[in-house]
Amino acid sequence: MSPIPEASPPADGAGRRRAAPMSPEDRRAAIIEAVMPLVEERGADATSRELADAAGVAEGTLFRAFGDKVCLIGEVALTGLLRASDPAVTRADLESIDPRLPLVDRVRQVIERGQRRSEEAVAWVMVLRFLHTREGADEQDHLHRERAAQMRSRLMAQQETRRAVVEETLGRVLAQDLDRLRVPIEVAVSLIESATAHHRPGLERMGPPLPAEVLADALVHGIVGEKRSPDTNVPDTHDSSPAGHAGGGAPSYPGEED
């Protein structure tokens with residue numbers, strides 16, 4: 001990538017205008033963008049020299065823009081976290097799912113997309129947690145703490161928006177099967193979100209995380225009913241109406257008509 005300008009270039013001999021200098025915020029944004037792949041790969045272990053090389057600037061430029069390496073990496077991680085949980089990205093992910101697919105395949109793709117975004121978010125959270133254990137006197141930089149607080153506030157508001165987007169968009173993903181659901185749509189959304197969270201690192205489990213296709217099959221077909229035959233020549237009746245499944249009536253949920 002092109003090096004980030006260190007300072008405003010002087011006018012040339014003919015008096016022609018040169019490009020306007022970058023504002024401090026634009027410079028900061030450009031540095032964050034340039035070093036993000038390095039921080040994603042190396043986390044808090046990236047050195048100041050490596051960060052400066054990735055941005056194409058002198059180390060002094062990094063210190064003037066961010067105060068120190070911890071401040072820079074912290075803002076990179078918060079920026080990555082904001083992007084990983086961007087409601088617009090979530091909407092695009094879910095709207096790209098083909099509504100003509102069988103229900104279990106649609107749910108599988110929802111889980112897979114959610115797992116990818118979750119893994120991205122968790123990776124940035126781990127960087128922030130590691131930084132927290134290494135912060136010292138430099139964390140008292142007032143401007144850094146103020147910017148970090150603003151970004152955290154944006155993240156909290158964004159998470160609320162994302163939740164609404166997931167519920168709305170999942171309603172469209174599941175639209176052609178709404179009459180088959182035996183739980184309210186908000187319950188279905190919560191179950192799918194829980195299946196996505198099952199894949200996150202750091203959770204205590206008795207075994208490795210389950211594949212998305214296994215989770216989707218269990219969500220759509222349940223854990224009680226007819227055995228699924230391993231013989232591909234045997235017709236699969238699990239996509240038939242829930243009324244045809246063993247067990248008969250479904251339990252009622254608050255808000256549903258008796």
Side-chain angles (χ1 to χ4, degrees), residues 84-87 89-123 125 159-258:
S85 57
D86 186 344
V89 174
T90 297
R91 184 186 298 277
D93 273 349
L94 296 179
E95 288 182 343
S96 67
I97 296 173
D98 188 347
R100 297 167 297 182
L101 290 172
L103 177 58
V104 69
D105 290 331
R106 275 175 278 145
V107 172
R108 173 182 56 78
Q109 291 197 16
V110 169
I111 293 172
E112 287 175 342
R113 284 160 168 73
Q115 286 175 346
R116 283 198 296 269
R117 293 297 167 190
S118 180
E119 287 170 358
E120 289 177 28
V122 168
V125 167
Q159 292 284 29
E160 289 296 319
T161 303
R162 180 186 173 278
R163 173 68 188 182
V165 165
V166 167
E167 189 163 330
E168 171 200 342
T169 315
L170 266 183
R172 292 200 291 272
V173 172
L174 305 175
Q176 69 189 59
D177 294 281
L178 288 182
D179 61 338
R180 295 177 53 201
L181 296 182
R182 54 186 296 273
V183 298
I185 182 65
E186 57 268 22
V187 174
V189 169
S190 293
L191 290 172
I192 293 172
E193 286 278 89
S194 296
T196 299
H198 163 82
H199 196 70
R200 290 177 186 162
L203 295 178
E204 292 185 4
R205 302 188 185 90
M206 290 184 290
L210 297 171
E213 60 267 24
V214 173
L215 292 169
D217 181 82
L219 280 175
V220 173
H221 301 132
I223 62 172
V224 175
E226 300 173 10
K227 292 286 188 181
R228 306 197 70 172
S229 173
D231 186 349
T232 56
N233 294 320
V234 176
D236 184 359
T237 61
H238 282 73
D239 277 326
S240 61
S241 171
H245 283 199
S252 61
Y253 286 81
E256 288 187 320
E257 294 182 3
D258 293 330

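The structure presented is a predicted model; accordingly, all values stated were derived computationally and were not measured.
Taking OG1 from Thr169 and CZ from Arg162, the interatomic distance works out to 10.0 Å, rounded to the nearest 0.5 Å. Residue Thr90 holds its OG1 atom at 10.0 Å from CG of Leu170, rounded to the nearest 0.5 Å. With rounding to the nearest 0.5 angstrom, the CD atom of Glu193 is 10.0 Å from the CD1 atom of Ile111. Note that the CG atom of Leu178 and the CZ atom of Arg172 stand 12.0 Å from one another [nearest 0.5 Å]. For the atom pair CG (Asp93) and CD (Gln109), the distance works out to 10.5 Å, reported to the nearest 0.5 Å.
Gln159 and Arg163 share no donor-acceptor pair across their side chains, judged by distance under 3.5 Å alone.
Checking side-chain atoms of Ser118 against main-chain N and O of Gly114 turns up no donor-acceptor pair under 3.5 Å.
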* **Test side chain to side chain contact (heavy atoms under 4.5 Å, CB included) applied to Val110 and Ile97, step by step** => CA-CA 8 Å; Val110 169; Ile97 296 173; 3.5 Å; yes

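The one candidate from Leu174, Val173, Leu219 that meets the side-chain contact (heavy atoms from CB on, under 4.5 Å) condition with Leu103 is Leu174.
Ion pairing between a basic and an acidic side chain is recognised when a charged N comes within 4.0 Å of a carboxylate O; Arg117 and Glu120 show such pairing. Under the 4.0 Å criterion applied to side-chain N and carboxylate O atoms, Arg108 and Glu112 are assigned as salt-bridge partners.
Under the rule for a salt bridge (charged side-chain N to carboxylate O under 4.0 Å, His left out), Glu213 has no partner lying at least two apart in sequence or in another chain. Annotation: salt bridge (charged side-chain N to carboxylate O under 4.0 Å, His left out) contacts of Arg91 (sequence neighbours excluded): Glu168. Every residue two or more places apart in sequence or in another chain that forms a salt bridge (charged side-chain N to carboxylate O under 4.0 Å, His left out) with Asp177 is listed here: Arg106, Arg180.
Of all non-hydrogen atoms in Ala121 and Ala84, the two that sit nearest each other are N-CB, 3.8 Å.
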